[in-house]
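Throughout, a chain's letter reflects where its sequence line sits, starting with A, and its residues are numbered from 1.
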2 protein chains.
Amino acid sequence: MTESKSDIIAQDIAAKIQHQQFKAGELLPSESQLTTLYGTSRETVRKALNQLTALGLIQKIRGKGSIVLNLEKYSFPISGITSFAELNKSLNMHAETKVITLKKMVDLPEFFKEKFPEQKRQPGIYVERLRVVNNEPVVLDCDYLFSPPIDELPKEAAEKSIYDYIENKLKLDISYATKVITVEKIDDKFKKLLQLDDSLAVLVASHNFLNDTTLFQLTLSFHNPSKFKFVDFARRQKIKL
Amino acid sequence: MTESKSDIIAQDIAAKIQHQQFKAGELLPSESQLTTLYGTSRETVRKALNQLTALGLIQKIRGKGSIVLNLEKYSFPISGITSFAELNKSLNMHAETKVITLKKMVDLPEFFKEKFPEQKRQPGIYVERLRVVNNEPVVLDCDYLFSPPIDELPKEAAEKSIYDYIENKLKLDISYATKVITVEKIDDKFKKLLQLDDSLAVLVASHNFLNDTTLFQLTLSFHNPSKFKFVDFARRQKIKL
DNA sequence: TAGTGGTCTAGACCACTCC
DNA sequence: GAGTGGTCTAGACCACTAC
C-alpha cells in the first residue's frame with residue numbers, strides 16, 4: 001500500500017490548493033517546472049495533474065497552463081465513494097451516529113430483497129444507523145455486509161467508521177460502487193425515525209465492491225428530502241456508449 | 001479535433017464490450033496482447049484501459065488481468081455531462097422535447113437569481129423545454145445560455161440538441177459541469193406542466209463550463225419525483241481533500 | 001519564437017497471481 | 001517461473017497561446 005510518486009504529487013498540490021497556496025483562477029507552475037520541483041519525469045507529473053483534473057480541482061488549457069478552479073463557488077463536490085465519517089471530517093460538521101440495529105442474519109432483510117431483487121440468499125451482518133447533525137436526524141443508513149468476506153463487525157466500528165474497519169482492520173480493498181438515487185415512499189418506522197411530515201424520502205441504493213469485483217456491501221440510505229443535497233462534478237465524455 | 005490513438009482504442013474496446021464480443025465476467029486480452037493487436041505502445045493501451053476503468057466498464061486486477069464488469073446488472077451509469085438528446089439515443093427511449101419558451105433576455109430570470117445568487121447581470125438566451133416520455137411529462141429543463149459566447153439559438157437546435165449546436169455549429173468546447181441535486185417546492189406553473197399532484201420536485205441545478213473555464217450555461221431541471229432516477233458510478237478516492 | 005500542454009514511444013523494474 | 005498489471009523514465013514530436 002505504498003503511495004506512488006504521482007499520488008504523492010497529486011496530494012501535495014491538492015493540499016496547496018486547499019490552503020490557498022495556489023489560488024483559484026491562477027495558474028499552477030508549468031509541467032516542466034513541476035518536473036524539476038518534484039525531481040521526477042514529466043509523465044509522472046502529468047498523471048498527478050490528470051487526477052486533479054478528474055476531481056475538478058484544476059482545468060488544463062493547452063498553450064496556457066493549468067488553472068486552479070474555484071470549488072467553493074459552485075459547491076464542493078465530494079464524490080467518489082466517501083463514507084459518512086470521512087465526510088464528517090472533511091466538512092467539520094457536528095455530527096453523530098446512532099447505531100439502531102446490529103445483528104448477524106442468514107439472509108437479506110425483506111425490504112432489501114425488494115430493492116435488490118437480483119440478490120441471492122447469503123448470510124451477512126445487518127446494520128441500521130441514524131445520522132444526526134445539529135440534533136436533527138438527516139439520514140438513515142441501512143447496510144448489509146456479506147459474510148464472507150465480513151464475518152464480524154464490532155459495535156465501535158459501526159459507530160465510528162465501517163470503511164475504516166474494513167480497510168484497516170480487515171485489510172480489504174474497497175474499490176468502486178454503483179449508486180441509484182430515487183424518491184420513494186417509506187414505511188412508518190423509518191418515517192418516525194427521520195421525523196418526517198411526509199412519507200417521501202430520497203433513497204440512495206448502492207452496490208459496493210472490492211478490488212477483485214466481490215460485492216461486499218449493499219446500502220439503502222433514506223434521506224430527509226429537505227436536508228438532502230448531492231453534489232457532482234462531471235466531465236464531458238469522449239467515449240460514446 | 002482528431003482522435004488520439006488511446007481514445008480510438010478505448011472506443012473500440014467499449015464497443016466490443018457493448019456488443020458482447022467481450023463478455024461480462026471475462027478477461028480482456030492482456031495489455032501486451034492489446035499492444036500488438038493495436039500496434040502501439042503499452043502506455044497507450046494503458047491510457048485507453050484507464051478510461052474504461054473510470055467509466056466502470058472494466059476492473060483491472062494486478063497479476064490477473066482486466067475483467068469486464070456487468071453494467072446492466074446494477075444499472076447503466078451514464079454520467080459525465082450527457083445531454084437529453086444523447087441519452088435518448090443511447091437508451092432508445094421514445095421521447096420528445098416541447099419547446100415552451102425561447103427568448104433573448106438582458107438578465108437572468110428571477111428564479112434563476114434565487115438559485116444562483118452569485119451570478120451577475122448578463123444578457124443571454126432563456127429556453128424552457130418539457131421532456132415527454134411515453135406521453136408523460138418527465139422533466140422541465142430551464143436553460144440560460146450566456147451571450148457571449150452564445151448569441152443565437154435556432155428553434156430547431158432547442159428542439160433537437162443544444163449541445164450538438166454548441167459543439168458542432170459554434171465549435172465551442174464543452175468541458176465540465178457541477179451539479180447539485182436537491183428536493184424543492186415548485187410553483188404552480190411548473191407543477192401544472194409536469195402534472196404533479198404534489199408541489200415537490202427534484203431539482204438538478206448545474207453550472208456548465210467550456211474548456212477555457214468560461215461559464216456558458218446555467219440549467220435548472222425540475223424532475224417529476226416519481227420518474228426521477230440518477231445513476232452514478234464512483235471509484236474510491238485515493239486523494240483526500 | 002518561446003513556452004505551454006497533448007500524445008506517443010521503448011524500455012525498465014516492481015508486485016502480484018497462478019501453476 | 002511465466003504472465004499479469006503498476007509505476008516510472010527520458011526523449012521525441014505536435015498543437016496551441018502569447019508576444
Exercise. What is the distance from CG of A:D212 to P of D:dG5, rounded to the nearest Å?
Worked result: 16 Å
For this session: Take B:L28 and B:E43, find for each the nucleotide of DNA chain D with the closest heavy atom, and name the residue whose nucleotide sits nearer the 5' end.
Result: B:L28
For this session: Ignoring backbone atoms, establish whether A:K5 has a side-chain N or O less than 4.0 Å from OP1 or OP2 of D:dT9.
Result: yes
Exercise. What is the distance, rounded to the nearest whole Å, between atom CG of B:L34 and atom P of D:dG6?
Worked result: 13 Å
For this session: May I ask you to verify whether the side chain of B:R42 and the base of D:dG6 hold a donor-acceptor pair under 3.5 Å?
Result: yes
For this session: Please check if the side chain of A:Y144 supplies one atom and the backbone of A:F112 the other of a donor-acceptor pair under 3.5 Å.
Result: no
Problem set entry | Contact under 4.0 Å: B:S41 side-chain N or O vs C:dG11 OP1/OP2 | no
Exercise. So does B:S6 get a side-chain nitrogen or oxygen closer than 4.0 Å to the phosphate oxygens (OP1/OP2) of C:dT7?
Worked result: no
For this session: Report yes if a side-chain nitrogen or oxygen of B:S32 is closer than 4.0 Å to either non-bridging phosphate oxygen (OP1 or OP2) of D:dT4; otherwise report no.
Result: yes
Exercise. Looking at B:K64, does any N or O in its side chain come under 4.0 Å of the phosphate oxygens OP1/OP2 on C:dC18?
Worked result: yes
Exercise. Taking the six-membered ring for Trp, are A:F233 and B:Y176 ring centroids under 6.0 Å apart?
Worked result: yes
For this session: Report the distance from atom CZ of B:R46 to atom P of D:dC8, rounded to the nearest whole Å.
Result: 11 Å
Problem set entry | Separation of C:dG6 C1' from B:D173 CG (nearest whole Å) | 13 Å
Exercise. Within the pair A:T40 and D:dT9, is there a side-chain N or O less than 4.0 Å away from OP1 or OP2?
Worked result: yes
Exercise. Which of these passes salt bridge (Lys or Arg N to Asp or Glu O under 4.0 Å) with A:E31: A:K64, A:K47, A:R62, A:K60?
Worked result: A:K60
Exercise. Does a nitrogen or oxygen in the side chain of A:K47 sit under 4.0 Å from OP1 or OP2 of D:dT7?
Worked result: no
Exercise. Nearest-Å distance, CD (B:Q59) to P (D:dG5)?
Worked result: 13 Å
Problem set entry | For atom CG of A:L49 and atom C1' of C:dT4, their distance in whole Å | 12 Å
Exercise. Using a cut-off of less than 4.0 Å, is there contact between a side-chain N or O of A:T44 and OP1 or OP2 of D:dT9?
Worked result: yes
For this session: Let me know, please, whether B:E31 or A:S4 comes out on the 5' side of the other along DNA chain D by nearest nucleotide.
Result: B:E31
Exercise. What integer distance in Å separates A:R62:CZ from C:dT4:C1'?
Worked result: 10 Å
For this session: Scan B:I61 against the nucleic acid and name what it touches under 4.0 Å (heavy atoms): base, sugar-phosphate only, or nothing.
Result: sugar-phosphate
Seminar exercise, completed: To the nearest angstrom, the CD-P distance between A:Q51 and D:dT7 comes to 9 Å
Problem set entry | Under-4.0 Å salt bridge between B:R129 and B:E159 | no
Problem set entry | Aromatic plane relationship, A:H207 with A:F116 - under 30° parallel, 30 to 60° tilted, over 60° perpendicular | perpendicular
Exercise. What about the rings of B:Y163 and B:Y165, do their centers lie closer together than 6.0 Å?
Worked result: no
For this session: Measure from the side chain of B:S30, starting at C-beta and using heavy atoms only, and say which of D:dG5, C:dG6, C:dC8 lies closest.
Result: D:dG5
